[in-house]
Amino acid sequence: MKAKHLVWIRRISQTSFLLLFFFLLVETRLPQDIYLEYSLASSSELDLRLNYPTTFFFQLNPLVCLSTLLSGHTLMKGFWWALSLLFVTLFLGRIFCGFICPMGTIHHGVSWIKPSLKGERMVRANQRTASQRVKYLLLVAVLVGALIGLNLAGLMDPISLLFRSLAVAVFPGLGVGIKELFGWMASSDIKLLNLMSYGAEVVVSPVFGYEYQAYQTGWFIGLVFLVILFLNRIRPRLWCRVLCPLGALLGICSRISILRLEKDQERCTGCTLCTKGCQGAASPMPGQEWESAECLLCFNCFSSCPEGALNFRFRLSPKLNRRPDMGRRAVLGGLLAGISIPLLGRLDGQVHRTSDPRLIRPPGSLEEDDFLRLCQRCGLCMKACPTNVINPTLTEAGMAGFWTPHLIMIQGYCEYNCTLCGSVCPTGAIRELTVKEKIERPIKIGSAYVDRGRCLPWSGNGPCIVCQEHCPTSPKAIYLRKEVAFGPEGKSQPVLLPYVDLKLCVGCGICEYKCPVKGRPAIRVIAAGESRSLGNQILLEG
Amino acid sequence: MDESQLITRRETLKRLLQISGGIVLSSVTGWPRGGPGTVWAKTGGKRFIVEGLGQKEGYDIKALVRKVFDGAGGMTRFVSRGDVVVIKPNLSWARRPEMAATTNPEVLEGVIDLCHEAGAKVIRIADHTIHDARRCFALSGAGLVAKKTDADLIFPRSSLMKEMKIRGHRLDVWPVYLPLVEADKIINLPIAKDHVLSTLTLGMKGWIGGVGGRRNVLHQDIHQTVVDLAQFFKPTVTLIDAIKVMTKNGPSGGSLGDVAVKNTLILSDDPVAADALASKLFGHKPEDIGFIRLAQKQGLGTYDLNQLEHKKVLL
């Protein structure tokens, strides 16, 4: 096969997988055309599920799979995808990085559209440097950390990082902009603009969400993503070369790869075109030893060599490829980081003492220690949640739980018979529940309490009962008592005062969300009473 | 989930375009924007109320709907050929139909069928839900009804809310859900349920589902705001679904223990009378319910059923 063809195959493959990634990302939400058969005879609660395998890229990801195995001692659903990928890597090298990885494709595209360096400077930038050992440090840190009990893979794993950045920052950000534009168009007096806004909204809403999506720390996630994109200005695909722990893992596996770069010293004229196009800084030039662990298999060198001095060939040989240049210091540094981060991360007492009252985990979440062993912080649950209540944490879960999901009840609430978040969690940090299980056990995520100073009837400011009305349990966890309250000027008035029955409250937070006292509602939910934690109970169970 | 229960994306998109386009067109052609006050059905003096009761075991609910409308002179009395009809069921909660928290899908289907027969050009289903609309429509069965009957199910969104003059005693300007006012005929199709503050939620209270904005402050004067909304949204006809009613734990319910079977449908062109008759099913006196009393006082109708042409049909 000609080298040119190989490059085109790569481009097509990259584009297809990137589009597939976008498609699955967009589909990680309830569609409007989801209809259930109704029958008055049946009284079973049915579970609404998504139509597409939205976790595909996570199942394909050996880093997610391996870290889950090390820390959570479980094999992920669909782990054989990752296994097959590792198997392919053994023979073909980092084919994932060059042909599949959507994060790599984005970096490739950014570096390609506007190369930051020209000529000789680009050749120099594409020489292998010691900084490329950093990714091994990160890999070792992630795996050792996972072994000790804190899964940090998702912070750096390219699939999790990309999904999180797009789902929580890029798409919602664009969505807000577009919706504001449509809002402006819809409110204008020009009929044509009205018409256009309605029409366009129908097309845009399924992609960017039906309402204004909000994620309180989204700006930070977006900023990190922009910085990572900007790194391509320093060196092409700097993320893939220097930082990506998944690339490091695949690089190590590529040592016995039988797809090898063969160099013909005789033909080489030293034009350095191969190095100029090299995406991985893998020393493609004859005279240097090719680094299979760094090679992203972009085939640029193969295609650009005017003399035919470079060739990719399948060759079985007893001699292994060059050892991945990990560097002792990088490995030791990784070990040190991997041991210290999980231990430091527990100093805040979130796991062994009391957790933050705002740390309300999605329904079905495992106990905090196990949760941190599995959660990839990928943002799938946040994207899928129909009420937009699930947000990434900043400080609520401590350093160890940075960017893990928690519920902010002023943003949304947990729908009583919705179990979508657990069904999309790739690692099972949020267990997949059935509606029946969620309601009948019941799964509690926290407890509500009334802030009597703010509450309208309690403070004598008038009738309300909104919290009681929305309470979804039967019988209702919020009950009312008729009493007399004293309002302004000492005027007495009969009111219905809300009380919370902690035995019945599941902490869904719809009371907090719907309370007319906005911002800091008069009824609020705290994590205490969550059924996932034996230690965080309020009541002596009867 | 069974694939056959889903409709394709293309279909949805097409339908959505129809809806949006339809709404825009309606505003272009100048359908009433200031409330549908001009579209009262011409009843010629005396108003009517029809009570339908399904007595036979396993009766067909859709047949009962037909019978009730026939009792009032047929759907053609209300819906003319070429009309844009909007139906306002109560789909507030993401609950299965058997929980009686949402309008019975078979009643909804029956009404839509009759509208089709009467020659309606477009039939829309619109309600501003409390829970996530996608889940409400899917679980309550309304989504499937819309698919079966080819009616337009409209998803509430902020761009469809427009501030309008309610001109009530309590509400002056409030965001209104546009599809409910941009139509020739409105059929209010509530389910009868228990409610702690307003005693019951019936036809007139259902109009809280016709507005947007900060709906949770309406409770501070629930009876007056309900009447304000009821005088703004004047339905052509009200059909109260009391096949199954929620007798306690309302308005969300959530247990079969909250549900009682009444096998009743109440049809009237007097929204106050419809609510009054429905309240009797729960053993209440209409005059004890604040918004019914207030609505009569403000001339929206009467709870004195003797003043109406009162019919009873059985199946």
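Sequence lines set the chain letters: A, B, ... in the order given, protein chains first and strands last, and positions in each chain run from 1. Remember, predicted model here, so these are calculated numbers, not experimental data.
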Student: With sequence neighbours excluded, what pairs up with B:Glu57 under the side-chain hydrogen bond (donor to acceptor under 3.5 Å, both in side chains) test?
Tutor: none
Student: What residue in B:His219, B:Arg135, B:Gln220 has the most heavy-atom pairs under 4.5 Å with chain A?
Tutor: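 The answer is B:Arg135.
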Student: Among the options B:Val196, B:Val217, B:Asp221, B:Ile222, pick out the one with the most heavy-atom pairs lying under 4.5 Å from chain A.
Tutor: B:Val196
Student: Enter the distance from A:Gln468:CD to B:His195:NE2 here, rounded to the nearest 0.5 Å.
Tutor: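 Output value for this atom pair is 7.5 Å.
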Student: Which residues satisfy the side-chain hydrogen bond (donor to acceptor under 3.5 Å, both in side chains) test with B:Arg214, sequence neighbours excluded?
Tutor: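 Applying side-chain hydrogen bond (donor to acceptor under 3.5 Å, both in side chains) to B:Arg214 gives none.
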Student: Name the region of A:Leu496, side chain, backbone, both or neither, that has any atom closer than 4.5 Å to a heavy atom of chain B.
Tutor: side chain
Student: Give the member of A:Cys418, A:Ser205, A:Gly462, A:Pro457 that has the highest number of heavy-atom pairs under 4.5 Å with chain B.
Tutor: A:Cys418
Student: Need one label for A:Glu469: side chain, backbone, both or neither, based on atoms under 4.5 Å from any heavy atom in chain B.
Tutor: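 Its backbone and side chain both get close to chain B.
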Student: Which of the residues A:Tyr416, A:Tyr413, A:Phe182 is involved in the greatest number of heavy-atom pairs with chain B at under 4.5 angstrom?
Tutor: A:Tyr413
Student: Which bit of A:Thr473 is near chain B, if near means a heavy-atom gap under 4.5 Å: side chain, backbone, both or neither?
Tutor: backbone
Student: Select one option (side chain, backbone, both, neither) describing which atoms of B:Asp132 are under 4.5 Å from chain A's heavy atoms.
Tutor: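 Backbone plus side chain of B:Asp132, per the 4.5 Å heavy-atom cut-off to chain A.
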Student: Does a side chain donor of either B:Arg96 or B:Thr102 reach within less than 3.5 Å of an acceptor in the other side chain?
Tutor: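 The answer is no; no qualifying pair exists.
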Student: B:Gly253, B:Ala133, B:Pro156, B:Ser92: which one forms the most heavy-atom pairs within less than 4.5 Å of chain A?
Tutor: B:Gly253
Student: I want to check something: taking the side chain as every heavy atom from C-beta on, are A:Arg481 and A:Tyr499 in contact at a cut-off of under 4.5 Å?
Tutor: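 They are in contact (side-chain heavy atoms under 4.5 Å apart), so the answer is yes.
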Student: Atom CZ of residue position A:Arg454 - does it have more than 12 heavy atoms of other residues, nucleotides or ligands inside 6.0 Å?
Tutor: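 Yes, because the 6.0 Å sphere around CZ of A:Arg454 holds more than 12 heavy atoms from other groups.
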Student: Report the relative orientation of the aromatic rings in B:Trp93 and B:His131; use parallel for angles under 30°, tilted for 30 to 60°, perpendicular for over 60°.
Tutor: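 Answer is perpendicular, since the angle exceeds 60°.
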